[in-house]
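Working notes, structure below.
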Amino acid sequence: MEALYAITTGILTASGIYLTLRGRTFPVVVGLTLLSYAVNLFLFSMGGLTTHGAALVGTTEHYADPLPQALVLTAIVIGFAMTAFAIILAMRSRGDLGSDSVDGNRTDREDPRENKA
Amino acid sequence: MTLPWIPLLTFLGVFVPALAIRGGRTVCALATAVAPAIALGLVLFFYLGHDGEEVMRTSFQWLPSLGLEVAFRLDGLSLLFLLLILGIGLLIILYTRYYLSEKDSMSRFYAFLILFMTSMVGIVMSDNLLLMWGFWELTSISSFLLISFWSHETTARKGARMAMTVTGAGGLALLAGIMLIGKVTGTYDIGTVLESHDLITASPLYPAIVVLVLLGAFTKSAQFPFHFWLPHAMAAPTPVSAYLHSATMVKAGIFLMLRLHPALSGTELWTVIVTLTGLVTLVYGAWFAFLKTDLKGILAFSTISHLGLITSLLGLGNSQALIAALFHIINHALFKASLFMAAGIVDHETGSRDVRKLGGLYRLMPITTALTCIATISMAGVPPLNGFISKEMFFTEALASQQFGGLSWIVPLLAGLGGLLSVAYSLRLAYATFFRRPRQEPPKTPHEPPWPMRFPIELLVVLCIIVGLVPTLPQTPILEDAVRVTMSGEMPEFHLALWHGINPALLLSMAVIAAGIVLHLLHRHMMRFNRQFRPQDARYIFEAFVQRLVGLCQRLTDRLENGSLQRYMFLLMAVSVLAMALGLADLDTLTGNLGQQPLDPIVAMGAALLIMGGVLTAALHRYRLISLLMLSVVGLVVSLTFARFSAPDLALTQLSVEVVTMILLMLALFFLPQKTPKESGGARVVRDVLIATGFGGAVASLNFAVLTRDLDSISEFFIRQSVPGGGGHNVVNVILVDFRGFDTLGEITVLAIAGLAIFKLLNRLRLFMPATDMEGRLWSDDRHPTLLMVVSQTLLPLALLVSFFIFLRGHNQPGGGFIAGLITAVALILLYMSRGVEWAQQRLDFQFQPIAIAGVALSTFTGLCSWLFGYPFLTSTFDHFHLPLIGDIELASALIFDGGIYLAVVGATLMILANLGKLTTAHRPNKDNP
């Protein structure tokens with residue numbers, strides 16, 4: 001089970017990294033979100049994979065490690081704040097610069113269909 | 001002890017000119033003089049009043065861990081310099097009153113001047129090396145401001161920049177030297193350092209210390225080859241030149257060498273470097289002073305030359321040489337400050353400083369002429385003035401020096417050469433300015449300046465004469481006390497006198513004066529000789545160097561930073577992969593000692609879904625909506641994964657965040673292009689896939705390696721202490737609101753800040769709103785489906801109730817402020833979606849920013865309350881209460897903290913989504929309806 005968990009984390013990471021290397025804002029933000037899922041899974045697993053061991057005192061013999069859980073819980077919320085900030089920044093930059101490229105090219109090759117609309 | 005009052009007073013004086021300027025220029029000058037005058041009085045009062053102790057010291061702890069303390073000392077050496085700094089400073093304040101024109105901002109000038117004065121006072125009074133360094137840098141900065149006072153002139157700006165660069169670079173070297181001293185001696189306390197001579201000179205770091213400290217001193221005191229900034233600093237107003245560049249700032253380097261003399265000197269290394277640099281500077285400066293045609297230029301190079309003289313005396317380093325050096329510091333300050341001020345008067349009156357255009361001024365300005373001549377004679381080292389006495393002492397030491405063995409004759413030779421040249425340039429200065437028949441009319445007809453402007457010169461010249469005739473006067477107590485702290489060991493006998501009888505030094509003096517007169521007569525030939533050399537302007541060389549450096553940095557920056565996020569990400573990821581790979585390669589085996597748990601079909605299916613979702617999100621990224629749907633699959637399965645592996649809190653949080661994130665991204669996608677054009681070429685895609693695969697592989701390996709190894713967690717403590725210490729059974733929640741409450745406080749603050757930043761980003765954002773979807777279909781007319789409306793409205797009270805329940809039980813069961821906040825936010829957003837922004841806004845008629853801020857404030861306040869009871873920040877408490885009907889309940893102060901979290905999460909989430917949603921309202925300007 002551990003191997004499968006690790007492989008899944010790895011694949012999610014790889015997909016996230018691939019997306020953050022794209023040249024437009026939206027895939028980059030989606031990639032960051034995907035990457036934060038992977039990171040959360042990774043951090044969460046640092047306490048080991050425990051079945052039926054929720055860290056509620058008195059409910060079980062063997063508790064899951066609560067510390068990574070607490071860290072990941074805040075990481076999820078902060079991750080949302082970061083995603084939100086990044087996507088709004090992307091909208092703002094499109095509004096102000098007229099482009100959603102992040103590849104350093106100032107002149108944007110706009111989608112022709114959009115100009116028509 | 002009241003010692004810190006001296007620097008503090010001058011510092012307060014910085015603000016006086018700005019306030020006093022309203023009363024007029026004279027009032028401003030007088031008011032400015034008050035603080036230095038009191039400080040000078042205090043210095044004298046302390047010094048005359050002290051009871052025999054050599055050094056007065058006061059210190060306060062500042063940053064003990066760095067060895068930094070606010071420590072001041074007053075000893076003989078400080079006293080000598082304080083008298084120069086404050087005394088000449090007062091005269092300069094008076095002179096400036098008449099020097100500055102109506103157009104110049106007097107208050108600004110005075111403020112800079114007093115700031116400079118403060119930093120000089122700080123240098124000479126510091127009893128801690130780091131503190132002294134701070135003041136040292138402050139002199140560079142205030143000198144920059146003063147040199148560039150006439151900032152509309154490019155020469156002033158460039159001169160200031162050059163001075164700043166050279167002295168600033170030297171300051172950095174000095175800092176390094178000081179830190180090495182601190183490393184060797186273990187302290188930055190000057191008193192201790194001065195007693196550690198043997199320790200420092202025996203250390204293998206000693207050569208580095210000497211070189212670094214001397215770099216600082218030489219750059220500040222304009223020693224060859226760092227002298228070139230000083231002539232260009234002459235672009236400053238003349239009072240600045242008189243004060244900074246003759247009497248005080250350039251002497252800071254000399255002061256440093258004197259201050260650290262007991263600790264660093266007495267070695268061959270010190271003697272060779274300092275003596276030779278000093279002698280070379282002496283001759284070099286004197287030669288160029290002889291060739292310059294600008295009055296201030298002559299004086300600037302003469303200053304360089306005299307600083308070289310003092311430096312070489314410090315290098316010789318025996319007691320008599322030190323006495324001569326200290327005495328010459330006083331003498332040089334007296335005659336050079338008066339000469340600079342006289343040059344300022346000439347410039348002021350005639351409109352020119354070029355000696356080729358001047359001449360015959362003795363008829364028009366007899367008093368100024370007389371004063372200048374006396375100061376010039378002192379500078380040339382002609383009896384019976386003060387300059388003669390100290391130069392005579394210099395010659396004596398030079399003739400007696402044995403430090404260079406068989407080559408020792410080089411010292412008196414260079415000393416004599418310097419002396420000869422100084423006679424020649426002094427003669428030329430006086431003759432060409434005042435006595436030679438003028439070749440052309442000066443731009444303005446000169447006359448004597450107002451008396452108060454001349455008064456500082458008169459005072460200094462009178463002092464020159466008195467010191468020359470009665471040289472024992474400054475001997476006690478100033479010189480003796482200064483020598484005592486500079487020397488280690490017994491106080492030497494010394495006697496200052498004008499007449500020592502006929503001896504080799506006197507003969508050398510006579511020969512030098514005669515030769516100097518001859519050289520002056522040959523001036524024209526010397527100029528012709530000099531013309532065959534291509535003139536080198538230090539400014540152009542320096543500027544070219546700066547330009548090249550800037551160009552290099554620019555090219556480097558351009559290569560590294562081309563604005564492409566892709567490139568940054570690529571570099572970042574490539575380096576990370578490499579770092580991880582190196583770490584993994586160090587492992588003996590990937591699989592650790594723990595066996596794996598058996599796989600069950602549900603987990604396998606979850607993993608398959610995650611993998612599929614992740615890969616498809618990436619693969620279909622050009623179809624943004626589909627990619628987003630795939631992303632949501634991943635999010636949901638991640639939340640199930642948390643539930644499967646015993647983390648109910650995480651599952652709940654992830655689920656509610658997932659909902660909010662998806663709504664947000666969909667809303668954003670509405671304003672962004674629906675498709676990504678195909679841009680990346682095949683090579684780029686292959687490169688990115690390789691990097692991503694490498695990274696993913698490394699993460700997977702790392703994860704697997706950790707999962708199969710023994711766990712050494714600190715969590716046992718939290719589990720054990722959760723109920724007795726935190727009063728809650730849900731350990732995760734107790735960690736969040738209690739054990740690690742400070743972290744959580746930081747995190748909700750970040751959340752609130754992100755919300756506020758988004759609120760500002762959305763302000764006045766103009767976006768193109770598409771009228772159709774990406775297939776060209778119009779949006780549905782049915783904007784608010786009835787079913788959704790009914791369901792959402794019915795759900796709202798239920799959702800709020802659930803969130804309240806989840807909030808309350810959070811301390812003991814899965815739940816808590818984060819999750820409750822997110823559920824509330826989702827319920828409200830559902831309302832926004834089903835009924836439209838306008839409808840919801842009319843009913844939720846309040847701003848969300850204050851809610852988020854109130855949440856953070858409530859949490860902080862809860863933490864602060866524990867201070868009231870004498871506990872550390874964020875200490876929590878709990879108790880059990882018995883309520884009728886409901887029974888025993890337990891209330892913890894952490895609940896209030898959790899309430900703050902709840903409010904912050906609700907406020908921030910709605911601030912983000914509701915404000916973004918507002919952009920979709922109809923009355924928003926769009927393409928059709930601007």
Side-chain angles (χ1 to χ4, degrees), chain A residues 1-4 6-15 17-21 23-24 26-27 30 33-34 37 41-42 45-46 48-50 53-58 63-67 69-70 72-74 76-78 80-81 83-85 87-88 91-92 95 100 102-104 111 114 117, chain B residues 562-566 569 596-597 599 607 610-611 614-615 618 621 624 631 634 638 645-648 650 653-654 657 661 664 668 671-673 676 679 688 692-693 695-696 699-700 703-704 707 711 713 715 718-719 722-723 729-732 735-736 747 751 754 758 761 765-767 770 818 912:
Chain A
M1 187 153 70
E2 274 78 2
L4 187 62
I7 291 169
T8 311
T9 317
I11 289 178
L12 288 184
T13 311
S15 310
I17 298 279
Y18 178 77
L19 284 175
T20 52
L21 288 166
R24 299 281 174 157
F26 195 79
V30 170
T33 314
L34 200 53
Y37 290 154
L41 283 177
F42 180 82
S45 72
M46 291 299 107
L49 301 178
T50 316
L56 304 170
V57 176
Y63 298 112
D65 194 339
L67 193 61
Q69 295 192 15
V72 170
L73 199 151
T74 44
I76 293 172
V77 180
I78 293 279
F80 163 68
T83 305
F85 185 76
I87 194 71
I88 305 288
M91 289 170 59
R92 180 86 209 187
D100 68 339
V102 288
D103 55 5
D111 195 0
E114 214 180 291
Chain B
N562 62 349
S564 165
L565 184 70
Q566 283 171 291
M569 287 301 289
Q596 293 196 43
Q597 298 174 44
L599 192 63
L610 275 179
I611 292 171
V615 170
H621 77 269
R624 293 180 172 183
L631 182 70
V634 177
V638 165
F645 293 115
S646 321
L650 288 193
T653 315
Q654 176 67 46
V657 163
T661 308
L664 172 79
F671 295 104
L672 290 170
T676 307
E679 283 176 329
D688 291 349
T693 318
F695 205 103
V699 167
N703 202 353
F704 184 69
L707 279 174
L711 185 69
S713 173
S715 300
F718 297 120
I719 294 171
S722 181
V723 175
H729 288 77
N730 183 359
V731 188
V732 176
I735 290 177
L736 282 175
E747 269 149 327
L751 188 65
I758 287 170
L761 277 175
L765 175 61
R766 281 170 168 270
L767 278 176
F818 274 116
I912 295 166

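The analysis underlying the following values was restricted to heavy atoms, covering all of them including side chains, and did not include hydrogens, waters or symmetry mates. In this text the structure is predicted, and so the values were computed from the model without any measurement. Throughout, a chain's letter reflects where its sequence line sits, starting with A, and its residues are numbered from 1.
Of the two parts of A:I11, only the side chain, counted from C-beta on, holds a non-hydrogen atom closer than 4.5 Å to a non-hydrogen atom of chain B. Residue B:L711 touches chain A through its side chain alone, counting heavy-atom pairs closer than 4.5 Å. Contact of B:T661 with chain A is made through backbone and side chain together, with heavy-atom distances under 4.5 Å. With a threshold of 4.5 angstrom between heavy atoms, B:L664 approaches chain A through side-chain atoms but not through N, CA, C or O. Heavy-atom distances place both the backbone and the side chain of A:L73 under 4.5 Å from chain B. Looking at A:Y63, only its side chain comes within 4.5 Å of chain B, counting heavy atoms on both sides. Within the 4.5 angstrom heavy-atom criterion, only side-chain atoms of A:L19, from C-beta onward, approach chain B. Contact of A:I87 with chain B is made through the side chain alone, with heavy-atom distances under 4.5 Å. For chain A, the nearby part of B:I912 is the side chain; its heavy atoms alone come within less than 4.5 Å. Interface remark: A:L21 contributes backbone and side-chain atoms alike to the contact with chain B (heavy atom separation under 4.5 Å). In this structure, chain A has a heavy atom under 4.5 Å from the side chain of B:F818, while its backbone stays farther away. Using a 4.5 Å cut-off between heavy atoms, B:L707 touches chain A through backbone and side chain atoms alike.
Residues A:V57 and B:I719 approach most closely at CG2-O, 4.2 Å, considering heavy atoms. Summarising the geometry of A:A64 relative to A:A55, their closest heavy-atom pair is O-CB, 3.9 Å, with the distance given to 0.1 Å. Of all heavy-atom pairs spanning A:T50 and B:S646, the tightest one is O-OG, 2.6 Å.
B:Q596 places a side-chain N or O within donor-acceptor distance of the main-chain N or O of A:A3, the cut-off being under 3.5 Å. In this structure, A:R24 contributes its side chain and B:T676 its backbone to no donor-acceptor pair below 3.5 Å. At least one donor-acceptor pair under 3.5 Å links the side chain of B:R624 to the backbone N or O of B:P673.
Considering only heavy-atom pairs separated by less than 4.5 Å from chain A, the leading option among B:V657, B:L610, B:D688, B:L599 is B:D688. Note: A:L49 leads A:T13, A:L49, A:L12 in heavy-atom pairs under 4.5 Å with chain B. In terms of heavy-atom pairs under 4.5 Å with chain A, the best-connected choice from B:L650, B:V699, B:V731 is B:L650. Of all the listed residues (B:V615, B:L751, B:V732), the one sharing the greatest number of non-hydrogen pairs under 4.5 Å with chain A is B:V732.
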